[in-house]
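A quick write-up on the structure given underneath.
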Protein chains: 2
Amino acid sequence: MSLEIKIKMNESLFLKNPENSDLGKNIVQHAIQLIHLKGFEAFTFKKLAFSIGTTEAGIYRYFENKHKLLVYLTSWYWGWLEFKIDYHTNNISNPVVKLKKVISLLAKTVEDDKNTSHIDEGILHQIVISEGSKSYLTKHVGKDNKQKFFKPYKDLCNIVGKIILECNKKYKYPKSLASTIIEMAHLQNFFMNNLPSLTDFSKQKDESEIVSFLTEMVFSSIHINQK
Amino acid sequence: MSLEIKIKMNESLFLKNPENSDLGKNIVQHAIQLIHLKGFEAFTFKKLAFSIGTTEAGIYRYFENKHKLLVYLTSWYWGWLEFKIDYHTNNISNPVVKLKKVISLLAKTVEDDKNTSHIDEGILHQIVISEGSKSYLTKHVGKDNKQKFFKPYKDLCNIVGKIILECNKKYKYPKSLASTIIEMAHLQNFFMNNLPSLTDFSKQKDESEIVSFLTEMVFSSIHINQK
DNA sequence: TATTTTAGATAGCAATACTATCAATAAATA
DNA sequence: TATTTATTGATAGTATTGCTATCTAAAATA
């Protein structure tokens with residue numbers, strides 16, 4: 001028996017739920033491939049329609065525009081990651097061990113999750129690294145925020161912030177440190193692969209160096225000896 | 001006698017140097033206003049032309065496309081900031097004091113620099129916060145990097161990294177910590193103003209809280225007691 | 001079987017992202 | 001002073017993007 005994971009999505013992100021039809025799933029699946037291939041700026045609904053074998057109008061029946069599709073994809077990713085973090089840390093009672101696990105889950109390459117058929121989490125992870133911040137770096141971030149578009153991201157940040165507080169109740173900046181970890185787990189990865197002189201990691205090396213950097217930074221900041 | 005600051009710019013960023021003509025300076029000046037007003041996505045050369053009272057073709061004589069104009073503006077900002085950091089720290093011999101000054105210069109609101117007539121650094125700072133990362137989060141980051149588009153950013157990162165090493169020669173991640181400081185000085189500011197629940201700072205409060213957060217993070221990481 | 005939902009096909013339109021051409025004017029230089 | 005050169009303005013045009021509308025056929029559901 002295989003358990004299909006379903007991430008509960010904000011209904012305002014789509015016109016028709018892509019999870020409920022083959023075309024919808026195809027849109028999501030191929031959007032991930034195409035955004036990864038072309039980059040978000042060069043990605044268009046017309047190209048997406050062509051790659052699926054449907055029409056532009058067909059895509060517009062599911063998503064209002066490509067920005068909402070991006071928010072949908074990143075939201076899905078954060079929701080899925082929260083689930084994954086829950087799953088891998090619920091049996092850990094020591095908050096220090098828990099926080100280390102979270103950092104590792106945030107910064108390490110994602111392998112395709114077989115429990116979600118149409119979504120390739122590995123590629124989606126790459127998209128979140130390269131395009132994720134474009135989902136909120138807009139003039140309409142305030143409106144989008146009112147519509148709860150960033151709830152999954154905030155939820156994750158909150159969870160991480162709470163674990164930080166469990167490690168040290170007196171630490172003054174749990175949320176900022178949490179958002180710093182999350183953002184830097186991705187940005188240091190992007191820099192490592194594209195602008196390596198902005199990091200101390202070589203392209204050859206895997207993400208474990210990023211994990212070490214972040215881990216040392218976090219536990220120093222909250223004055224906990226993690227060794 | 002007023003000393004006009006001139007930032008040496010990468011010649012590949014423009015077709016005709018905007019510093020050398022009134023129209024060019026107008027383009028830069030109004031581009032800053034318009035990008036800040038509309039956001040980079042909604043900003044077009046046609047709108048810019050209209051706001052200056054020239055034609056679209058006129059803008060294209062100076063900049064190949066709006067992406068290069070964005071890279072131009074952010075590069076200018078990083079060059080200007082490096083100059084400013086130099087100016088404010090060259091007389092400081094203690095690297096700990098120096099690093100604190102740098103963090104403060106990175107994170108605090110910028111006031112318009114009267115030494116540059118056509119560029120409003122305060123607004124440009126806002127643009128770098130909201131749009132800056134879009135200059136490298138592209139599929140052509142590799143090509144752009146080969147053309148040295150990101151040299152000013154890398155130079156700044158290098159300077160900060162070196163100061164970190166001056167504080168603690170044994171610290172393993174000076175460049176990553178430097179890029180983390182620079183990015184987070186901006187991103188925490190953006191979050192504070194737009195997605196405040198991702199930070200521990202209230203909208204009312206000024207950037208000094210961000211400076212405190214970053215300062216504690218940095219000096220903890222390099223195991224220096226800054227008090 | 002009747003009816004609602006879904007998808008494919010086609011058309012069209014305003015805005016965007018450019019490129020090209022030509023004339024007017026101002027500045028630099030012969 | 002005459003003349004080349006650089007700069008700008010004006011206009012046109014094209015391919016692509018972003019989006020809406022309509023109509024039909026097929027599939028799912030009542």
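We name chains A, B, ... by the order of the sequence lines, and we start the count at 1 in each one.
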When only distance counts, do a donor and an acceptor, one from the side chain of B/E64 and one from the base of C/dC18, lie under 3.5 Å apart? no
Need to verify one output field. Residue with the more 5' nearest nucleotide on DNA chain D, A/A57 or A/F45? A/F45
Distance test, side-chain N/O of B/S21 to OP1/OP2 of D/dT8, below 4.0 Å: yes
Should B/K134 and B/E41 count as an ion pair when the cut-off is N to O under 4.0 Å? yes
Inter-residue atom distance A/Y153.OH - A/S133.OG, 0.5 Å rounding: 9.0 Å
Compute both the distance and the angle, then confirm whether B/K66 meets the cation-pi test with B/F40: under 6.0 Å from the six-membered ring centre, within 45 degrees of the axis. yes
Grab the CG-P distance between B/L23 and D/dT8 for me, whole Å please. 5 Å
Taking NZ from A/K66 and C1' from C/dA15, how many angstroms apart are they, rounded to a whole number? 14 Å
Taken to the nearest whole Å, CD/A/E56 to P/C/dA11 is 14 Å
How many Å lie between NZ on B/K68 and P on C/dA17, as a whole number? 16 Å
Output yes when at least one side-chain N/O atom of B/T54 is less than 4.0 Å from OP1 or OP2 of D/dG9, else no. yes
Which of parallel (below 30°), tilted (30 to 60°) and perpendicular (above 60°) describes B/W80 and B/Y77? tilted
Quick check on D/dT7: is either OP1 or OP2 less than 4.0 Å from any side-chain nitrogen or oxygen of B/Y62? no
Would you kindly give the NZ-to-C1' distance between A/K46 and D/dG18, to the nearest whole Å? 10 Å
Hey, does A/F63 reach any base, or is it just sugar-phosphate, or nothing, if we go heavy atoms under 4.0 Å? nothing
Check the distance between D/dT16's C1' and A/E41's CD and give it to me in whole angstrom. 16 Å
Phosphate oxygens OP1/OP2 of C/dA20: is one of them under 4.0 Å from a side-chain N or O of B/Y60? no
When you measure from the side-chain N and O atoms of A/K47 to the phosphate of D/dT17, is any distance below 4.0 Å, counting only OP1 and OP2? yes
For A/I59 and C/dT6, give me the distance from atom CD1 to atom P, rounded to whole Å. 16 Å
Please give, in whole Å, the distance from C/dA15 P to B/F43 CZ? 18 Å
What about the rings of B/W78 and B/H186, do their centers lie closer together than 6.0 Å? yes
Looking only at C/dC18, D/dG9, C/dA9, the nucleotide nearest the A/T55 side chain is C/dA9
